[in-house]
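These figures come from a predicted structure and were not determined experimentally. The sequence lines fix the lettering, A, B, ..., with proteins before strands; numbering per chain opens at 1.
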Amino acid sequence: MDNLTFPDTVQLAVPFFILAIVLELTWITIKRRGGRYETRDAMTSVLLGAGNVVTGILLGFVAWGFYNWVWQFRFFDLGTSIPIIFICFLLDDLRYYWVHRFGHTIRWAWASHVVHHSSQHYNLTTALRQTWTGEFTGLMIVSVPLLLLGFHPAMVLFVGGINLIYQFWIHTEAITKMPRWFEAVMNTPSHHRVHHGRNAQYLDANYAGVLIIWDKMFGTFVPEGEKVDYGLVVNLGTFNPIRAAFHEWIGIFKDITQPNISMSDRFRYAFAPPGWSHDGSRDTSRIIKRKYVERNPEAKGKPGL
Amino acid sequence: MPLHILGPMVLIGIISIGILLHLLGNSKRMVFTNADQVIDRWHREHPETSVERVEISDSGHQALVKTDAGIGLIWVMGFDTASRIIALPIETKNRQSGISIKLNDFTAPRIKVDLNTEQNQSHWIAILAAKEPSWTT
């Protein structure tokens, strides 16, 4: 079974992605609601998406090699039956929740993931705005329990691909709410709009991939309320995809190499939550929320604050 | 999917989406037409500051703001904006139709400001060189 292969679902979905973007754009243009598109923003997103596919082809061997190395230490071999693939999908979605949460709360991982949040728009092209540096975060280590349990590396990558494809359609303002039962269990456009919000109450919320239940279980769920303001706390000043892809890594490098700070501070600049600074000159999400409540006391106790 | 199919498909897809977006009028840029608009956009990223003065460039694509936290620069990014608080004096360069401001920011290393007259250029340069009393006190 070591030579097991699954289709590369993300690559196969590329024609569907392009078609869906054209359909969403047509819908928004005709209806004059349901989102907005800006040429350079959308171009940045799709170029970052294409770059993500290229880096996946060039660097994919790193994760694949690591997964196969871990696989030799597996406790079981669970095979490839349909129920096992389904269980693998569910557990991988839990894995995704934590990888995503780490991606927002550890600056080293945020340096990679920030790219996805760097658009001030929210449409299907935003879904394609993906990192070029995911392999550098080391977060592939979060898949180790799945591999040791006996889920084959190819299967783990396959269900991870399905997870990403699911998340494509939720990057839209064209769909307001899904049926109540669906909103209760699944990640939806409404839940994920919250995740892309830079509003204080929406920071660090709704990390789910496919099932929103993980956020509800781990206390990070925030329902959509006030209008979402998309983008970063400090928005990028460029549409250049190369600058967008590497800016936070450059920021980390500048911070950890500055003079007159301790080794502990250098470590924190790399691994503390984004916004941490040794002199308090920047704000983490927690501080932004606290300051927001100080300015708006009536908001105290609202979800996410 | 074989690369010789995936590559051209992605390339054609990107170019088609770009052309379609442009033809549908999505390449227009926001224009600052008044100070209130600038202040509103500024507060989006700097809600704790209070704005005392605003200077809008001739194209309406850039503006300077004087706040209680220092001087700020805000510029248009498509339909949206980006902004930074800047430390004066700051390096500027003359351009054919304005000036450019050098920022210590990897995502915005140089912001071009559209200023049509020498008088406006001199005014902005004086502010950014911390030589304009009404902007430094």
Side-chain angles (χ1 to χ4, degrees), chain A residues 7-8 10-15 17-19 21-22 25-26 28-29 36-47 49-50 53-54 57 118-121 125 198 200 229-240 243-244 246-251 253-254 283 288 291-292 294-296, chain B residues 1-3 5-30 40-50 62 69-70 72-87 101 103-112:
Chain A
D8 188 331
V10 177
Q11 284 187 20
L12 289 173
V14 167
F17 291 161
I18 295 170
L19 182 65
I21 287 166
V22 172
L25 176 59
T26 308
I28 290 170
T29 307
R36 57 195 192 123
Y37 270 85
E38 202 275 334
T39 307
R40 278 159 298 177
D41 174 87
M43 284 297 97
T44 305
S45 294
V46 292
L47 286 170
V53 173
V54 172
I57 291 167
S118 61
S119 173
Q120 298 188 52
H121 292 249
T125 65
R198 54 185 295 287
D229 183 13
Y230 301 105
L232 299 171
V233 171
V234 179
N235 280 308
L236 300 193
T238 184
F239 289 116
N240 181 331
R243 290 189 184 278
F246 296 107
H247 76 277
E248 191 67 14
W249 293 109
I250 301 283
F253 178 78
K254 281 184 180 173
D283 291 342
I288 291 168
K291 286 183 174 176
Y292 178 83
E294 283 170 6
R295 290 195 308 277
N296 304 277
Chain B
M1 187 181 297
L3 275 179
I5 296 176
L6 181 67
M9 184 193 299
V10 169
L11 194 66
I12 292 167
I14 290 174
I15 293 169
S16 308
I17 290 169
I19 292 170
L20 188 61
L21 281 165
H22 184 71
L23 293 177
L24 289 172
N26 292 293
S27 304
K28 290 175 194 155
R29 297 170 75 189
M30 176 196 275
D40 182 53
R41 298 302 298 185
W42 176 261
H43 278 150
R44 181 172 166 252
E45 288 200 69
H46 308 274
E48 292 166 76
T49 61
S50 72
Q62 305 84 19
L73 175 66
I74 181 166
W75 64 96
V76 166
M77 293 276 298
F79 302 156
D80 303 288
T81 55
S83 60
R84 303 286 186 269
I85 288 176
I86 53 178
I101 303 171
L103 300 182
N104 182 25
D105 185 324
F106 183 71
T107 75
R110 207 168 269 284
I111 301 301
K112 292 174 182 172

Could you check A:D41 against B:D80 for side-chain contact (heavy atoms from CB on, under 4.5 Å), going step by step and ending with a plain yes or no? CA-CA 10 Å; A:D41 174 87; B:D80 303 288; over 6 Å; no
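- For a residue to count as touching a neighbouring chain, one of its non-hydrogen atoms must lie under 4.5 Å from one of that chain's; by this rule A:V54 does not touch chain B.
- Taking A:V234, A:V22, A:N240 one by one and counting their heavy-atom pairs under 4.5 Å with chain B, the maximum is reached by A:V234.
- Looking only at distances, no side-chain donor or acceptor of B:T107 sits under 3.5 Å from a matching main-chain atom of A:T238.
- Taking NE2 of A:H121 as the reference point, atom CZ of B:F79 lies at 6.0 Å (rounded to 0.5 Å).
- Proximity of a side-chain donor or acceptor of A:R243 to a complementary backbone N or O of B:A108 within less than 3.5 Å is not detected.
- For B:I17, the parts sitting under 4.5 Å from any heavy atom of chain A are the backbone and the side chain alike.
- Neither the backbone nor the side chain of B:S16 comes within contact range of chain A; no heavy atoms are under 4.5 Å apart.
- Residue contact with chain A, scored on non-hydrogen atoms closer than 4.5 Å, involves the side chain of B:R84 exclusively.
- Within the model, atoms CG of B:L21 and OG1 of A:T125 stand 8.0 Å from one another, a figure rounded to the nearest 0.5 Å.
- With a 4.5 Å cut-off on non-hydrogen atoms, B:P47 touches chain A through its backbone and its side chain both.
- For chain A, the nearby part of B:L6 is the side chain; its heavy atoms alone come within less than 4.5 Å.
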